[in-house]
K.L.:
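Please read through the structure below; I'll follow up with questions.
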Amino acid sequence: MTAPIALIDCNNYYVSCERAFDSSLVGVPVIVLSNNDGCAIARSAEAKALGIKMGDPVHLLRDKIRAHGIRVLSSNYALYGDMQRRVIAACDAFARDFEIYSIDETFLDLSGFEGQDLVAHANAMRARVRKWTTIPTCVGIGTSKTLAKLGNAAAKKNPMFDGVADLRDDGVRTWVMDRFPVGDVWGVGRATARKLEALGIEHAGALRDMPMKQARAVGTVVLERLVAELRGVPSDVVETIEPRRKGMAVTRSFGTPVTDFPTLFGALSQYAMRAGEKLRSHGLVAGRLTAFFHTNQHKPDRPQYAGSRTVSLHPMTSDSLELIAAAKRGAERAWRDGYAYTKAGVMLDDLVAADLRPRTLFEAGTEKRDRLMNAIDEINGRFGKFAAVTASQGFKREWKMRSEMRSPSWTTDLNEVPTVRAR
DNA sequence: TCTGGGGTCCTAGGACCC
DNA sequence: TCTGGGGTCCTAGGACCC
């Protein structure tokens, strides 16, 4: 018998995190915005009921926000990341192993628990998460990740399941799959959904019954594997060791458009600095850096330009000052005057563990610079992100992204922890 | 005026090699 | 008139995810 896999998923995760520390947000419509306060990326049930969609630009929602008193928040990733750790801790005793899939979703390997009533088991886990974090969750159970995902979606959509759907039951599985739109299946995006619907495949059940050869022809090995997973034949396992990262990026939209090179370079310097920090925290070095920037692609009637250059890093490095220099070389080559740039970024590729990196002939010692980087990381860790900066980052940072409605760092900054006063 | 950020995997096609 | 066959490696771009 195949070991059961569960997926636990936090409901309206960012909104639920915000509500944990601000009870005035409970029971009213709430949305949380993307970086730069651009679009709605998390909505409370009340906000969804008002027709607000994932990714709706907030500037088109102004009337609705005013009319319904919708509460609007900037995203606070320090809070969401910290709450995630608490959710995982609450689940710890309920599974043999975990795969953290995203900030609000975790796959659980339930082998060893087969003998139990897994719906009751899942409910006990949900109760603990709720008690420790206040966050509501749903759980799906199946014999493959795709079926666990499907069960989770069903549990979320249909109140009948009361938060937990166990698709190992033949009757339940068939009932769900015959009603589940093919485009909502995990791994079926817009393009594939359109092709499938043209073939008359509209529900998950029909996708499951599609001949394997046809699946491969329509959607390559990816769709073929997906069909196998829907049949309960796992082609993907719960991965308990973190895979080695292949690339890394730091990109941002600007709060106000940028038209001159020094200002652009200021932003890129900061992103390269942050990218170096990320590399060092993972013990990696990079072999290539790409600097890019572009104009506002949502306004095709305005002059458009997208510049991008990739620079090789040898020796491979995680030194922020080297990354800044490389970003400058790339950006200089790609730069064109006369445009209003609204977004830029730095991407790193060819990542290798620092101690395995290839040495170059005549390589100079890096101990001094390593110590400098360590010192910068420590200062910024202790005194805040921008305590130690390079001159190239500039001090005005007029391009910095908007985040005007961010909640405090309730759990990660001692100066902002909530206080309770006795009367 | 105002539209996110950060990933993965797969395929096709070109460069290059013997 | 004839003008190989098969590998590998790399990159760009598409599709998808949250």
Side-chain angles (χ1 to χ4, degrees), chain A residues 7 9-14 31-43 52-63 65 72 74-77 80-81 84 99-107 145-146 149 152-153 156 182-196 216-226 235-236 239 242-257 271 274-275 278 282 287-288 290 292 294-300 302 306 308 310 312 340 342-351 400-406:
Chain A
L7 177 73
D9 172 302
C10 300
N11 302 349
N12 316 326
Y13 183 59
Y14 297 172
I31 59 176
V32 177
L33 305 182
S34 61
N35 268 332
N36 215 30
D37 291 346
C39 6
I41 51 166
R43 305 102 73 213
I52 296 177
K53 301 272 181 306
M54 175 73 179
D56 276 354
V58 69
H59 67 95
L60 299 178
L61 296 173
R62 291 291 170 214
D63 292 345
I65 289 168
V72 181
S74 304
S75 36
N76 181 349
Y77 289 101
Y80 313 147
Q84 177 185 30
E99 176 187 335
I100 297 171
Y101 176 66
S102 74
I103 198 160
D104 67 332
E105 284 172 86
T106 298
F107 286 105
K145 281 183 171 179
T146 304
K149 267 288 236 188
N152 184 277
K156 228 190 285 186
V182 78
D184 293 349
V185 173
W186 186 42
V188 178
R190 259 214 323 267
T192 309
R194 223 176 295 129
K195 287 187 212 167
L196 291 172
R216 195 183 182 103
V218 171
T220 77
V221 283
V222 181
L223 192 64
E224 195 181 35
R225 281 201 292 249
L226 179 53
S235 65
D236 192 13
E239 295 283 359
E242 218 178 310
R244 200 176 65 83
R245 263 168 183 279
K246 300 189 170 61
M248 191 178 276
V250 179
T251 71
R252 293 284 180 279
S253 294
F254 299 137
T256 50
Y271 306 158
R274 172 76 191 123
K278 277 166 82 172
H282 287 89
R288 284 191 320 169
T290 302
F292 78 87
H294 61 70
T295 48
N296 187 348
Q297 296 172 331
H298 298 285
K299 302 283 176 190
R302 297 186 197 164
S308 162
T310 301
S312 289
T342 54
K343 180 173 177 169
V346 163
M347 300 190 291
L348 301 173
D349 279 299
D350 296 353
L351 308 189
K400 76 176 188 296
M401 67 178 185
R402 283 183 292 271
S403 183
E404 288 164 0
M405 297 150 288
R406 176 144 69 202

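The structure displayed is predicted, hence computed values, not measured ones. Within every chain, numbering begins at 1; the chains are lettered A, B, ... in the order of the sequence lines, protein sequences first and strands thereafter.
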K.L.:
At under 4.0 Å between heavy atoms, what does A:V32 touch on the DNA or RNA strands: base, sugar-phosphate, or nothing?
P.N.:
nothing

K.L.:
Whether A:K195 contacts C:dA15 is assessed here as follows: a side-chain N or O lying under 4.0 Å from the phosphate OP1 or OP2. Is that the case?
P.N.:
no

K.L.:
Which part of the nucleic acid, if any, lies within reach of A:V58 when heavy atoms closer than 4.0 Å are counted: base, sugar-phosphate only, or nothing?
P.N.:
nothing

K.L.:
Check this one for me: any side-chain N or O of A:T251 less than 4.0 Å away from OP1 or OP2 of B:dG4?
P.N.:
no

K.L.:
Rounded to the nearest 0.5 Å, how far does OG1 of A:T251 lie from CE of A:M347?
P.N.:
8.5 Å

K.L.:
Tell me which nucleotide, if any, is Watson-Crick or G-U wobble paired with C:dA15 when both distances must be under 3.5 Å.
P.N.:
B:dT8

K.L.:
Please name the pair of heavy atoms, one in A:E239 and one in A:K145, separated by the smallest distance, quoted to 0.1 Å.
P.N.:
N-NZ, 4.4 Å

K.L.:
Using only side-chain N and O atoms of A:R225, determine if any of them is under 4.0 Å from OP1 or OP2 of B:dC10.
P.N.:
yes

K.L.:
Are OP1 or OP2 of B:dG7 and a side-chain N or O of A:K278 less than 4.0 angstrom apart?
P.N.:
yes

K.L.:
If you find the nucleotide of DNA chain B closest to A:G247 and the one closest to A:Y77, which residue's nucleotide is nearer the 5' end?
P.N.:
A:Y77

K.L.:
On a heavy-atom basis, which atom in A:A340 and which in A:P257 lie closest, and how many Å separate them?
P.N.:
CB-CB, 4.1 Å

K.L.:
Counting only side-chain nitrogens and oxygens, does A:S75 get under 4.0 Å of the OP1 or OP2 atom of B:dG4?
P.N.:
no

K.L.:
For B:dT1 and A:K299 - does any side-chain N or O of the residue sit under 4.0 Å from the phosphate oxygens OP1/OP2?
P.N.:
no

K.L.:
It should be established whether A:T192 places a side-chain nitrogen or oxygen under 4.0 Å from OP1 or OP2 of nucleotide C:dC16.
P.N.:
yes

K.L.:
So if I take every side-chain heavy atom of A:A249 and compare against B:dC10, B:dT3, B:dG7, which nucleotide ends up nearest?
P.N.:
B:dG7

K.L.:
NZ/A:K299 to OG1/A:T342 distance, rounded to the nearest 0.5 angstrom?
P.N.:
11.0 Å

K.L.:
Does A:D104 form a side-chain contact (heavy atoms from CB on, under 4.5 Å) with A:Y80? I'd like the steps, not just the answer.
P.N.:
CA-CA 9 Å; A:D104 67 332; A:Y80 313 147; over 6 Å; no

K.L.:
Side chain of A:C39, heavy atoms from C-beta onward: which of C:dC18, B:dC9, B:dT3 has the nearest atom to it?
P.N.:
B:dT3

K.L.:
Using a 4.0 Å heavy-atom cut-off across all strands, classify A:D56 as base, sugar-phosphate, or nothing.
P.N.:
nothing

K.L.:
Between B:dG4 and C:dC17, how far apart are the two C1' atoms, rounded to whole Å?
P.N.:
15 Å

K.L.:
Examine C:dA15: is either OP1 or OP2 under 4.0 Å from a nitrogen or oxygen in the side chain of A:R190? Give yes or no.
P.N.:
no

K.L.:
Can you work out whether A:V222 or A:N35 has the more 5'-proximal nearest nucleotide on DNA chain B?
P.N.:
A:N35

K.L.:
So which atom in A:A275 and which in A:V346 form the shortest heavy-atom distance, rounded to 0.1 Å?
P.N.:
CB-CG1, 4.4 Å

K.L.:
Would you mind classifying the nucleic acid contact of A:M248 as base, sugar-phosphate or nothing, using non-hydrogen atoms under 4.0 angstrom?
P.N.:
sugar-phosphate

K.L.:
Among B:dT3, C:dT11, B:dG4, which is the nearest nucleotide to the side chain of A:R288?
P.N.:
C:dT11

K.L.:
Establish, with yes or no, whether the OP1 or OP2 oxygen of B:dT3 is under 4.0 angstrom from a side-chain nitrogen or oxygen of A:K343.
P.N.:
no

K.L.:
A:R252 side chain N/O closer than 4.0 Å to the phosphate oxygens (OP1, OP2) of B:dG6?
P.N.:
yes

K.L.:
Using a 4.0 Å heavy-atom cut-off, does A:R302 contact any base of the nucleic acid, only the sugar-phosphate backbone, or nothing at all?
P.N.:
sugar-phosphate

K.L.:
Under 4.0 Å between any heavy atoms, over every strand shown, what does A:Q297 touch: base, sugar-phosphate, or nothing? Just pick one.
P.N.:
nothing

